[in-house]
Student: 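Here it is, the structure, as structure tokens.
Order of the sequence lines fixes the chain letters, A, B, ..., with proteins taken first and strands second; residue numbering starts at 1 for each chain.
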Number of protein chains: 2
Amino acid sequence: MTTKKQIKSDLQIAQEATIKPIKEIAEQLDILEAELEPYGHYKAKLSLSVMERLHTKQDGKVILVTAINPTPAGEGKSTVTVGLAQALHRLGKKAIVAMREPSLGPVMGIKGGAAGGGYAQVLPMEDINLHFTGDLHAITTANNALAAILDNHIHQGNELRIDTRKITWKRVVDLNDRALRQVVIGLGGPMQGVPREDGFDITVASEIMAIFCLASDLQDLKRRLASIVVAYNMDNEPVTVADLGAQGALTLLLKDAIKPNLVQTLEHTPALIHGGPFANIAHGCNSVIATKMAAKLGDYVVTEAGFGADLGAEKFLNIKARMADIKPETVVIVATIRALKMHGGVPKERLNEENIEALEAGIENLEKHIETIQAFGVPYVVAVNRFVTDSKGEVEALINWCTSKNVPVALTEVWEKGGEGGVMLAEKLLEVMNETESQFSPLYDVSASIPEKVEAIAKTVYGAKGVDFAPKALKQIQQFEANGWDHLPICMAKTQYSLSDDQTKLGRPTDFKITVREFRPSLGAGFLVALTGSIMTMPGLPKKPAALNMDIDENGHALGIF
Amino acid sequence: MTTKKQIKSDLQIAQEATIKPIKEIAEQLDILEAELEPYGHYKAKLSLSVMERLHTKQDGKVILVTAINPTPAGEGKSTVTVGLAQALHRLGKKAIVAMREPSLGPVMGIKGGAAGGGYAQVLPMEDINLHFTGDLHAITTANNALAAILDNHIHQGNELRIDTRKITWKRVVDLNDRALRQVVIGLGGPMQGVPREDGFDITVASEIMAIFCLASDLQDLKRRLASIVVAYNMDNEPVTVADLGAQGALTLLLKDAIKPNLVQTLEHTPALIHGGPFANIAHGCNSVIATKMAAKLGDYVVTEAGFGADLGAEKFLNIKARMADIKPETVVIVATIRALKMHGGVPKERLNEENIEALEAGIENLEKHIETIQAFGVPYVVAVNRFVTDSKGEVEALINWCTSKNVPVALTEVWEKGGEGGVMLAEKLLEVMNETESQFSPLYDVSASIPEKVEAIAKTVYGAKGVDFAPKALKQIQQFEANGWDHLPICMAKTQYSLSDDQTKLGRPTDFKITVREFRPSLGAGFLVALTGSIMTMPGLPKKPAALNMDIDENGHALGIF
């Protein structure tokens with residue numbers, strides 16, 4: 001174990017690492033020179049023609065990394081994702097990471113970087129955390145171009161008879177900027193447009209981000225963009241991007257962004273980092289194109305989904321895997337002793353103290369997620385992501401519980417030891433995949449009614465005893481049925497902290513119902529968002545934003561990204 | 001002459017062209033592999049270390065392309081810039097283009113592309129006109145991160161005692177979006193920030209764009225960013241980026257954008273396309289770093305400045321060349337028969353008819369710009385950019401006028417013929433440079449008083465008989481002197497259509513004064529903006545935006561960019 005004194009920051013580890021030219025990483029994957037579009041020496045986009053060339057090749061196995069409900073103690077899901085791929089690579093397997101790309105908002109706000117951690121990171125860490133290859137900027141631009149075209153349409157005569165009180169399309173910035181949550185635009189008289197209430201979301205909350213991550217190719221992207229509902233007209237009929245005629249321009253703005261980004265881990269394992277939608281109002285997974293391309297290029301794809309298994313994995317399995325016809329071979333459920341103790345009632349300040357009783361109480365959260373993955377018919381392994389503060393007794397208690405329940409489990413120390421620290425997990429996974437075939441199927445049929453689909457998720461995944469629909473939601477269900485929008489998967493917008501819709505209920509709450517307050521149709525993405533509470537779609541900055549620690553040194557190297 | 005039927009669109013010509021891998025273009029310039037950061041196969045960023053490596057090399061000659069006052073008839077200044085470099089290249093000279101990069105706002109609004117035209121274009125035209133290498137997105141992000149940090153500072157207790165009525169920093173989008181010109185932000189109660197009036201500019205109007213284009217290196221960029229005045233406090237004292245502590249983060253966000261972008265013309269002439277500030281509230285030239293790097297890499301740098309010589313060239317010479325210690329060897333003044341006829345009173349609809357009398361009347365506009373360039377002590381050539389509709393008699397009349405006045409002149413047909421059509425101009429330029437040495441010096445001393453500097457520009461460049469300062473401007477002059485801000489160059493914000501501040505006065509107006517209504521301190525850029533009228537810093541979209549014609553074909557190629 002390292003002492004505190006020796007602990008290096010993620011940025012320090014990343015900057016001290018040897019990084020290979022991206023060409024060499026591409027060569028590992030037999031990518032043709034014409035297919036590789038370098039962005040500097042260490043990043044590249046991959047042409048979509050890769051998919052045509054490898055059309056007949058059998059897909060690699062998709063491994064989904066998910067977690068227990070997140071706590072302030074941290075689970076290290078991204079770190080395990082990267083570390084597991086490094087470990088498979090170390091075992092001689094052709095493994096590829098497929099991950100989401102970070103938003104600048106959290107990076108400059110509170111969270112710091114989002115590219116793994118310690119010795120399980122993707123490189124170049126600074127670039128990935130800053131503008132990367134510009135995908136988020138392209139999405140921001142497409143989103144805001146659509147908003148400008150919409151407001152211009154109204155200003156120029158409003159031929160579509162858009163009701164300015166019923167515009168659902170919002171502008172975005174890829175920043176945490178609370179002052180833009182609620183605004184009034186179009187002020188200043190008749191030359192400056194039509195005044196109306198509006199608001200900005202963070203880019204990753206844009207429906208275009210969700211579409212970007214679910215589209216199978218450029219033409220599918222265009223078809224989905226055309227389907228976005230941006231407003232309702234004076235007769236309360238939906239107005240779409242196709243009505244405005246903007247789908248061509250929006251697709252054009254995304255034509256390069258849609259190509260997956262190739263980078264590498266600290267141990268030179270290839271990584272495709274592409275797209276990054278919210279995991280509450282959207283489905284929280286990297287792009288379908290990146291996952292499918294990774295499966296063509298490698299034998300094992302290690303990918304992750306946002307938040308815990310109740311949000312991220314549920315959506316990966318019910319939305320992404322269904323739409324993209326991806327069959328996950330196995331699921332890794334990441335847990336930490338610290339987080340399980342919090343689920344067992346220990347406050348954050350006392351997590352460093354051994355508390356086996358609380359740990360054992362908190363395991364019920366893990367147990368529920370195991371049941372969920374079993375319900376989808378996918379084999380799984382629990383990964384216990386070790387922290388320096390975990391006591392021997394605590395680790396033993398967790399392992400013993402797993403053994404007694406026949407739960408496949410492995411310890412990982414990838415933060416500290418990189419791929420070497422993930423070898424046990426990798427070996428366990430290979431063993432499970434070898435022994436058990438995935439019987440994956442989604443939890444519900446899309447042709448079921450909206451309430452039936454929501455209930456299937458709430459009961460099977462959350463352990464709720466039922467669902468209450470608020471009057472607004474009930475009215476919307478009728479409208480959506482009348483519009484022919486009801487045969488779509490459901491995207492639940494729920495707190496990530498609890499299995500219930502009450503974020504204070506940790507562990508495994510029982511005897512609860514969830515309440516769906518309203519729905520939002522994401523017709524371009526192809527799902528209906530069910531809101532169980534107020535979901536923050538534009539974060540604010542903390543009193544001391546992370547940005548104020550950022551700088552460059554005299555050689556132009558990044559400082560202060562964590 | 002081609003018949004109308006045969007005329008191809010710029011996009012068509014660009015897409016039919018053969019384009020060389022950017023590596024080959026870099027090899028022409030002896031750029032080292034480590035200095036070339038490719039962005040795809042046809043674009044690259046050049047490391048700033050190029051400047052260190054070539055520190056002792058003598059600079060190439062800088063040729064500035066400017067024009068008469070623009071009219072709706074068009075002058076083709078960018079086209080001549082590209083075509084001239086192609087012609088020099090064709091003559092065996094090591095020539096490089098240094099140009100501004102386009103904003104998406106006009107591209108998606110009305111103007112279409114901005115990368116030359118016809119057979120004098122830079123490639124890849126679609127990429128340059130869309131996101132290019134992301135520089136404008138990086139500037140947008142830095143600008144808006146600063147705004148978010150500022151509003152967050154106020155929300156979190158406002159330690160700096162910022163007067164929310166006196167915030168001068170605005171948010172930006174790189175789009176034409178009139179509905180954002182005047183907005184109210186921070187609505188929704190105490191959790192959503194502090195309500196205040198605000199507005200959005202287009203990105204190219206951001207002071208960060210001006211700073212980006214005037215900075216000499218990363219440390220100078222940081223120093224300039226720190227100096228931006230974002231607001232005034234309750235005691236009316238300026239609040240800067242340094243007071244907020246955000247300069248490190250902003251510099252970090254610009255660390256890759258600040259590297260110049262290498263592309264090529266249709267004839268494989270190297271082109272550095274980098275930065276693009278407004279030419280009214282800012283100085284309207286590509287980055288200093290690109291111009292200086294081009295001068296290290298080539299023997300001839302062909303660069304341009306925005307609008308006519310009264311705005312663009314004046315600022316290139318008084319601001320950019322002064323700050324960056326660039327000595328322009330010669331100036332090209334672009335004129336067209338059509339535009340001169342408009343200056344001579346012909347309405348747009350009748351420009352296709354021969355009208356030598358109107359042409360001769362309109363030449364006075366050209367004559368004034370010639371006198372201006374002479375006042376700066378720089379040799380010049382008039383480039384007559386031929387159009388199909390120009391009559392033989394009109395061309396002869398213009399040439400005769402030049403000959404009679406001893407004005408060096410050359411015809412160009414670069415739009416139609418590429419470099420071949422610019423050979424006469426290139427040869428004339430080489431002759432002039434050979435015969436006459438540049439005696440360049442700026443028109444005024446920065447240590448002169450603010451009114452003296454404004455008057456120097458108004459009298460010498462515009463031909464005004466004097467300057468009126470509105471009461472607000474007079475009060476600001478006193479404040480700026482008290483703040484020690486008076487020893488900075490002046491950046492005039494004036495209509496581009498007239499030598500006067502009244503856009504309806506074409507030709508060469510006489511017996512007029514200009515009125516400075518107010519000043520804006522751009523302390524990061526290092527100049528004081530003098531506003532003579534209301535300057536539009538956020539364009540609107542037309543009834544049928546160009547974006548609605550944009551699309552992709554089945555192979556992912558751009559359609560509808562003009």
Side-chain angles (χ1 to χ4, degrees), chain A residues 37-41 45 48 104 108 130-131 134 137-138 140-141 144-145 147-149 151-152 155-156 173-188 192-194 218-219 222 245-246 248-249 251-253 255-256 540-541 543 545 547-548 550-552 554 556 558-560, chain B residues 37-41 45 48 104 108 130-131 134 137-138 140-141 144-145 147-149 151-152 155-156 173-188 192-194 218-219 222 245-246 248-249 251-253 255-256 540-541 543 545 547-548 550-552 554 556 558-560:
Chain A
E37 301 179 10
Y39 276 61
H41 302 292
K45 283 199 165 276
L48 300 187
L104 263 169
M108 302 194 73
L130 296 171
H131 309 288
H137 294 321
T140 301
T141 304
N144 293 346
I149 289 168
D151 274 304
N152 185 59
H155 174 75
Q156 302 281 0
V173 290
D174 189 32
L175 291 166
N176 291 4
D177 193 351
R178 77 167 64 67
L180 295 181
R181 283 176 192 154
Q182 291 186 38
V183 302
V184 172
I185 64 168
L187 299 173
Q192 328 293 353
V194 178
L218 263 178
Q219 296 304 324
K222 186 163 131 184
T251 311
L252 184 58
L253 286 170
K255 80 177 170 60
D256 291 311
L541 287 171
K543 180 138 188 171
L548 302 188
M550 292 181 183
D551 207 344
I552 50 158
E554 283 172 16
L559 299 172
Chain B
E37 300 180 10
Y39 275 63
H41 302 292
K45 283 197 165 278
L48 300 188
L104 262 170
M108 301 194 73
L130 295 172
H131 309 288
H137 294 321
T140 302
T141 304
N144 293 346
I149 289 168
D151 274 305
N152 184 60
H155 174 75
Q156 302 280 2
V173 289
D174 189 32
L175 292 166
N176 291 4
D177 193 350
R178 77 167 63 68
L180 295 180
R181 282 177 191 154
Q182 292 186 36
V183 302
V184 172
I185 64 168
L187 299 173
Q192 329 292 351
V194 178
L218 263 179
Q219 296 304 325
K222 185 163 130 184
T251 310
L252 184 59
L253 286 170
K255 80 177 171 60
D256 291 311
L541 287 171
K543 180 137 186 171
L548 300 188
M550 292 181 182
D551 207 344
I552 50 156
E554 283 173 14
L559 299 172

Student: Who among B/His155, B/Lys45, B/Glu37 has the most heavy-atom pairs with chain A under 4.5 Å?
Tutor: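 Counting heavy-atom pairs under 4.5 Å, the top option is B/His155.
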
Student: So, taking the atom named CD in A/Gln192 and the one named CD in B/Gln182, what distance separates them when rounded to the nearest 0.5 Å?
Tutor: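 Going from the CD atom of A/Gln192 to the CD atom of B/Gln182 covers 5.5 Å.
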
Student: Verify side chain to side chain contact (heavy atoms under 4.5 Å, CB included) between B/Thr141 and A/His131, making sure each step is shown before the conclusion.
Tutor: CA-CA 9 Å; B/Thr141 304; A/His131 309 288; 4.1 Å; yes

Student: Taking every heavy-atom pair that is under 4.5 Å apart, which of B/Lys222, B/His41, B/Glu554 has the most such pairs with chain A?
Tutor: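 Most pairs with chain A among the choices: B/His41.
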
Student: Any chance you could measure B/Ile149, atom CD1, to A/Leu548, atom CG, to the nearest 0.5 Å?
Tutor: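 Taking CD1 in B/Ile149 and CG in A/Leu548, the distance rounds to 5.5 Å.
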
Student: Determine the minimum heavy-atom distance between A/Leu252 and B/Leu130, stating which atoms define it.
Tutor: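 A/Leu252 and B/Leu130 have their closest heavy atoms at CG-CD1, 3.8 Å.
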
Student: Minimum heavy-atom separation for A/Val184 and B/Leu187, please, with both atom names.
Tutor: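 Here A/Val184 and B/Leu187 meet closest at CG2-CD1, 3.5 Å.
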
Student: Give the member of B/Pro38, B/Ala558, B/Ala249, B/Gly40 that has the highest number of heavy-atom pairs under 4.5 Å with chain A.
Tutor: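 Top option by heavy-atom pairs under 4.5 Å: B/Pro38.
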
Student: I need the residue from B/Asp177, B/Asn152, B/Thr140, B/Val183 with the largest number of non-hydrogen atom pairs under 4.5 Å to chain A.
Tutor: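 That would be B/Asn152.
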
Student: Which atom pair, heavy atoms only, marks the closest approach of B/Ile552 to A/Gln219?
Tutor: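 In this case the closest contact between B/Ile552 and A/Gln219 is CD1-NE2, 4.0 Å.
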
Student: State, to 0.1 Å, how close A/Ala145 and B/Leu175 come at their nearest heavy-atom pair, and which atoms those are.
Tutor: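 That closest heavy-atom pairing would be N-CD1, 3.4 Å.
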
Student: For the interface with chain B, which of A/Asp151, A/Leu253, A/Val173 has the highest count of heavy-atom pairs at distances below 4.5 Å?
Tutor: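 Most heavy-atom pairs under 4.5 Å with chain B: A/Leu253.
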
Student: With a 4.5 angstrom heavy-atom cut-off, could you sort out which part of A/Lys543 is near chain B: side chain, backbone, both or neither?
Tutor: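 Both backbone and side chain.
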
Student: Ignoring hydrogens, what is the shortest heavy-atom contact between A/Gly556 and B/Leu218? Give both atom names and the distance.
Tutor: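 That closest heavy-atom pairing would be CA-CD1, 3.6 Å.
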
Student: Among the options A/Leu180, A/Leu48, A/Thr251, A/Asp174, pick out the one with the most heavy-atom pairs lying under 4.5 Å from chain B.
Tutor: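 Most heavy-atom pairs within the cutoff with chain B belong to A/Leu180.
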
Student: Looking only at heavy atoms, which two atoms of A/Arg178 and B/Gly193 are closest? And how far apart?
Tutor: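 Looking at all heavy atoms of both residues, the shortest contact is CD-N, 3.6 Å.
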
